[in-house]
Amino acid sequence: MKSEYDVVVIGGGPAGLSSAIAAAQDGAQVLVVEREAQLGGILKQCVHDGFGLTRYGEALTGPEYAERDIDEVRVLGVEEALSTFVLEARGVDCGVELTLSNRDGIHHVKAAALVLATGCRERTARQIQIHGDRPSGIMTAGCAQNLVNLQGMLPGKRVVILGSGDIGLIMARRLTLEGAEVVGVYEAKKKVSGLVRNVVQCLDDFGIPLHLSTTVTRAFGRERLEAVEVCQVDDTLRPIAGTEELIKCDTLIVSVGLIPENELAASLGIEMCQQTRGPLVDQGFQTLAKGIFSAGNSLSVNDLVDYVSEGGARAGHAAAAHALGTHQRAKNLIRVDVGERLSSCVPQLVDLNGDLSRVVFYLRSDGDYPEGRVIMRSGSRELAYKRLKPVHQAETIRIEADLTELDGDILAMLI
Amino acid sequence: MNLKRLRRELRKLDAGIVASERDGCVLLEGEVDDYATAFAAGKLAVDKDRYLGVLNDIKVRGFEQKVSLPAESDHSLDGVKCDVLVIGGGITGCAVARELRRHQLSVLLVEKGPDVASGQSSRNGGVVHVGVNFSKGSQKLRYCVRGNAMYRKLAHDLHVPYENKGQVTFARTKVEMLALEYVHRTALDKGVVGTKVMDRDELRKVEPSVPEWSVGGLFMGTGGITSPYLMTIALAENAVENGATVALNTAVLDMKVKDGLIVEVSTNRGTIRPKAVVNAAGVYADVIAQMADDRTFTIHPRVGTNIVMDKKAGWMVNTSMGKTPFTLTPKQLEDVPADLFSRAKAMVASASSHTKGIALIHTVDGNVLVGPNADEVPDREDTSTSREVVEKILRSQQEVQGAVSASDIIAYFTGVRSPTYEEDFVVRPGIRTRNVFEAAGIQSPGLTAAPAIAVDIASWVCDYLSDAMDVLSNKSFNPVRQASPVLAGLSLEERDLLVHENPDYGEIVCRCEEISKGEILDVLRSPLPVYTVDAVKRRCRPGMGRCQGAFCLPAVMRIIADEAGIAYQDVVKGDSRARIVFGPTKEGKGTLL
């Protein structure tokens, strides 16, 4: 490891890998810092297929998808610091200084540009107020996925899954294939959170029942889990008294949402977006802290890895341009607001010194609708337009806009 | 009250309750429909002047205590003779075992759970109490004050985190300030030093988070915080370092008492023959005392839930703070009629609840604990939590710190306190049985009191044993625990040196709490290694952070399996039945294998 790099990427998952590749392609000296012993991030444990449909036009498994980027990283001569953990990051003149820990010692590394690709974590059973006893057998879907796919261990025999997000649905299928009985998938909301294709392929095909507007409220069992109490919920997602039902099971897997990991970003004082829980960024994914970029699920939680890679590459190119001095951000940034029926938008800002001809925005709707039209406007000018049928809250809306001629702040809406 | 009057009063509660006098105690028997009645009867029967204590054997229809016993069953302790058998690996038992090893005595501690600090010793707020709220002449006051004074040195010797930032109670009105002035004046009389009544401005210097409605309060300088489970574990480890033996997953099932002496103690691991027995059995202390024919009290379980907040919320409190027990917050007042009588009634009701009014605690780890409540329950092992209680605690503590928010919750836990009906400790040599020593009825301030209780118990045990043998002092006793490094407390230079010595300290396993593989291995190589996920979690925190172990559990299990030389699927959460995985998957291999 050297003491200085043009670009340091924190996180060796899909976002970090794409950033590193893009920055290296542009001639930057790049270091990827990865906490685990291998690159690939969460893709390592996603052995199901369906990755890369948009980017490659083929359905790859997680490890296969990651392998392509890892190969590219190695061809380009990106340096890797594996099993290496970031202890501290602090802004210094023209860049960021990082303190790293690994088996060789404590290291100080300076980066002219930093890409935060730290991924996300799962909400836990405790955070969603599952009460009762605290036996073994209650875990998040990602943890169960690690145990099954990386450790080769069966975490349960009779399983209840709470949450119909993609990881929950995929784990329902995976555990069934591995010989466990999945008693049911429960979802507090009125609608499934995951992709439609996952409901069909992971539940319907295996006859696993899905219970909507129902949540798990209590766990029972002194040592290993013995049963859970499920309960119907009202419109505000509060349990309805009298609807309790006891389900015998030895495992409860919770898949109830992902939270961007931004503890490092917070320690750098980076300004956050309330909707995405990630940093506010411009179209090069530069945060409001100069020279610090954000990509992947730590920027905003994605449904498709293909978008993660696309965004990661954008951050990598921009980080290289910043580090190599070929790009200076404009003093004033244009705001992108979300209007009707949209819940979030990335990027939230536009840098007028950046590329304006084909800016990609990733939007999320605030609910499911049979159809809709996404419109982006700046003053009286229409920048982008897209028809959608149907609109799913769970799916990212990707839209390209030409921003070469603007008329003030930008508004995105779904009508 | 005398028996006749008590019987009359009890009849009003339930005609099925029979009261009688036995061995200097008042005995209640019969069967009732609900626990509240049985509890109320026990409370009614308290008369400290007339009786040694209440023996409440009233049965509640439909309730039977389920005692969780270890799955293990062997003969590993069969025929073992020891000078002292300590029953219970909570803070009291561990402190006693350590104290006893200052003498050349063979000490065996048995604990029914899979680890020490399995009960209330790991399920409390970690406050080192001051003692002002205990009445003069009570054991609680005596041991709290003595224990408090011992804490700094003890924590230092054992390398356990301890902070002495004080404790604060807030008053809302001038009248309440006068009441606090009274508390302050009586404190010295009770042996409590370092209290001061402060106005709002002065108070803010020690506790920046004084609530809007508070005019000031009482600062108690001797108040502190520690980690209750680390303290218990450290006491146990230091006891073992000094030659004591700790047997986990070992439950006392029965005793043979002959001519006022315990001669045999049977366990799930065989029959032990101790010369003396210390009862530090927590919520089951009365059951053990009964076996020893020395019962003069009854434990009535009282649960309390604490909420753990993210370290991000750490700024919300600097000390341990709460309102005074009799203070009604503005929100509470909304529900009370404005007349003086109603207010006084509400204040008395508030003051007689069994928590010390501690609302928010800044823990030694930097998290905030919010709680606890206090509810009487029949089940001595009911550590379950409920949404209602968590929401109630949040609502009431938001009155003290408005920033308390559900979104900062990372965990919550319930502990079962073990009070007697007399609401005091029972620390004494046996009354009918000469070789038993009681350390019972220990609830809050038990964490504070334990070191002082241990001194007295050890001294009584030595006195008793010296009648029949020479009790020599143990010259090689070392009160200082061999502690392993805590990386978070080191400078980067120190860390770098350490990693060069041992690269495992450079490999971070738990990302939320930044715990290295080296620290986990240290825990597994300690004088009292416990090869479970929970044991590792309590000792060095992987799994205690915001992801609650979702990321590091598989890795921690791998380290435990390798170090203990067991199969991955045999790594359990705590109890040996608390399996985490059921063995290899159908395909039988993970990509890492």
Side-chain angles (χ1 to χ4, degrees), chain A residues 35-36 44-45 47 63 83-85 87-88 99 101-108 121-122 124-127 129-137 139-143 146-157 177-180 217-224 239 250 259 261 263 266, chain B residues 66 68 71 312 381 383-387 389-391 406 409-413 492-493 495-496 499-500 503-508 511-512 514 516 533 546-551 553-554 557-558 568-569 572-593:
Chain A
R35 202 172 52 80
E36 294 189 24
K44 293 195 299 293
Q45 66 185 54
V47 298
S83 300
T84 302
F85 189 85
L87 293 176
E88 272 173 34
T99 308
S101 172
N102 62 22
R103 296 183 66 90
D104 299 328
I106 306 292
H107 313 270
H108 302 281
R121 66 172 181 269
E122 298 170 277
T124 66
R126 302 251 124 190
Q127 284 168 316
Q129 298 259 16
I130 293 177
H131 285 280
D133 302 326
R134 200 149 59 148
S136 69
M139 64 190 85
T140 64
C143 186
N146 180 319
L147 289 170
V148 174
N149 295 343
L150 297 183
Q151 319 294 333
M153 291 288 160
L154 194 63
K157 288 181 178 165
L177 291 172
E178 289 295 352
T217 42
R218 280 182 87 82
F220 299 91
R222 272 208 178 138
E223 286 93 21
R224 178 82 193 190
D250 57 38
I259 303 166
E261 284 251 86
E263 274 63 39
Chain B
K66 280 191 210 124
S68 63
K312 279 183 245 173
E381 300 189 27
T383 54
S384 65
T385 58
S386 77
R387 186 181 180 126
V389 167
V390 164
E391 287 180 349
I409 295 178
I410 57 176
Y412 25 82
F413 60 85
L492 293 173
E493 291 72 24
R495 271 178 88 149
D496 190 46
V499 177
H500 282 288
D504 287 334
Y505 289 118
E507 189 179 328
I508 304 295
R511 61 164 77 171
C512 305
E514 296 187 12
S516 67
V533 170
R546 47 183 75 92
C547 93
Q548 290 283 291
F551 282 118
L553 174 73
M557 287 172 70
R558 178 74 58 201
Y568 194 86
Q569 61 260 38
V572 293
K573 182 172 180 282
D575 184 273
S576 61
R577 288 158 291 196
R579 307 185 67 89
I580 295 167
V581 294
F582 289 93
T585 52
K586 233 176 177 179
E587 292 174 7
K589 58 175 197 296
T591 50
L592 276 191
L593 290 180

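These numbers come from a predicted model, not from an experiment. Residue numbering restarts at 1 for every chain, and letters A, B, ... go by the order of the sequence lines. Computed over heavy atoms, backbone and side chain alike; hydrogens, waters and symmetry mates excluded.
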Evaluation steps, side-chain hydrogen bond (donor to acceptor under 3.5 Å, both in side chains), between Thr385(B) and His131(A): CA-CA 5 Å; Thr385(B) 58; His131(A) 285 280; 2.7 Å; yes
From CA spacing to verdict: salt bridge (charged side-chain N to carboxylate O under 4.0 Å, His left out), Glu381(B), Arg222(A): CA-CA 9 Å; Glu381(B) 300 189 27; Arg222(A) 272 208 178 138; 3.5 Å; yes
Stepwise side chain to side chain contact (heavy atoms under 4.5 Å, CB included) test for Met153(A) and Ile580(B): CA-CA 10 Å; Met153(A) 291 288 160; Ile580(B) 295 167; over 6 Å; no
Arg103(A) and Asp504(B): CA distance, side-chain angles, deciding distance, salt bridge (charged side-chain N to carboxylate O under 4.0 Å, His left out) verdict: CA-CA 6 Å; Arg103(A) 296 183 66 90; Asp504(B) 287 334; 2.7 Å; yes
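For Glu261(A), the part sitting under 4.5 Å from any heavy atom of chain B is the side chain, from C-beta outward, and nothing else. Heavy-atom distances place the backbone of Asp104(A), and not its side chain, under 4.5 Å from chain B. Looking at Ala125(A), the atoms closer than 4.5 Å to chain B (heavy atoms on both sides) all sit in the backbone: N, CA, C or O. Proximity to chain A is limited to the side chain of Lys312(B), based on heavy atoms less than 4.5 angstrom apart. Heavy atoms of Arg134(A) lying under 4.5 Å from chain B belong to its backbone as well as its side chain. Neither the backbone nor the side chain of Ile259(A) comes within contact range of chain B; no heavy atom of the residue lies under 4.5 Å from a heavy atom of that chain. Residue contact with chain B, scored on non-hydrogen atoms closer than 4.5 Å, involves the side chain of His108(A) exclusively. Interface remark: Glu391(B) contributes side-chain atoms only to the contact with chain A (heavy atom separation under 4.5 Å).
Distance alone, capped at 3.5 Å, is enough to place a donor-acceptor pair between the Glu178(A) side chain and the Lys586(B) backbone. Judged by distance alone, the side chain of Arg121(A) and the main-chain N or O of Cys547(B) form no donor-acceptor pair under 3.5 Å. Using modelled atom types, no side-chain atom of Arg511(B) and backbone atom of Phe85(A) make a donor-acceptor pair closer than 3.5 Å. Here the side chain of Asp496(B) pairs no donor or acceptor atom with the backbone of Gly105(A) at under 3.5 angstrom. Under a 3.5 Å cut-off, the side chain of Thr585(B) and the backbone N or O of Leu154(A) do not form any donor-acceptor pair.
Put simply, CZ on Arg579(B) and NZ on Lys157(A) are 7.5 Å apart, with the number rounded to the nearest 0.5 Å. Note that CD1 of Ile409(B) is 9.0 Å distant from CD of Gln127(A), once rounded to the nearest 0.5 Å. The structure places CD of Glu88(A) at 8.5 Å from CD of Glu514(B), a figure rounded to the nearest 0.5 Å.
Nearest heavy atoms, Tyr505(B) versus Ser101(A): O-OG, 4.3 Å. Summarising the geometry of Pro239(A) relative to Arg387(B), their closest heavy-atom pair is CD-NH1, 3.9 Å, with the distance given to 0.1 Å. Between Ser68(B) and Glu223(A), the shortest heavy-atom contact is CB-OE2, 4.5 Å. For Cys143(A) against Gly549(B), the heavy-atom pair with the smallest separation is SG-O, 4.4 Å. Ala578(B) and Ser136(A) get closest at one heavy-atom pair: C-OG, 3.2 Å. What you find for Arg495(B) and Leu87(A) is that their closest heavy atoms are NH2-CD2, 3.3 Å.
Put simply, the side chain of Pro135(A) does not reach to within 4.5 Å of the side chain of Lys573(B), judged on heavy atoms. Put simply, the side chain of Val390(B) reaches to within 4.5 Å of the side chain of Gln129(A), judged on heavy atoms. Contact check for Phe551(B) versus Asn146(A): no side-chain heavy atoms found under the 4.5 Å cut-off.
Chosen from Leu492(B), Val389(B), Val572(B), Val533(B), the residue pairing most often with chain A at heavy-atom distances under 4.5 Å is Leu492(B). Per-residue heavy-atom pair counts under 4.5 Å with chain B were compared for Gly156(A), Ala141(A), Ala180(A), Ala266(A), and the maximum is reached by Gly156(A). Note: Arg218(A) leads Glu36(A), His107(A), Gln45(A), Arg218(A) in heavy-atom pairs under 4.5 Å with chain B.
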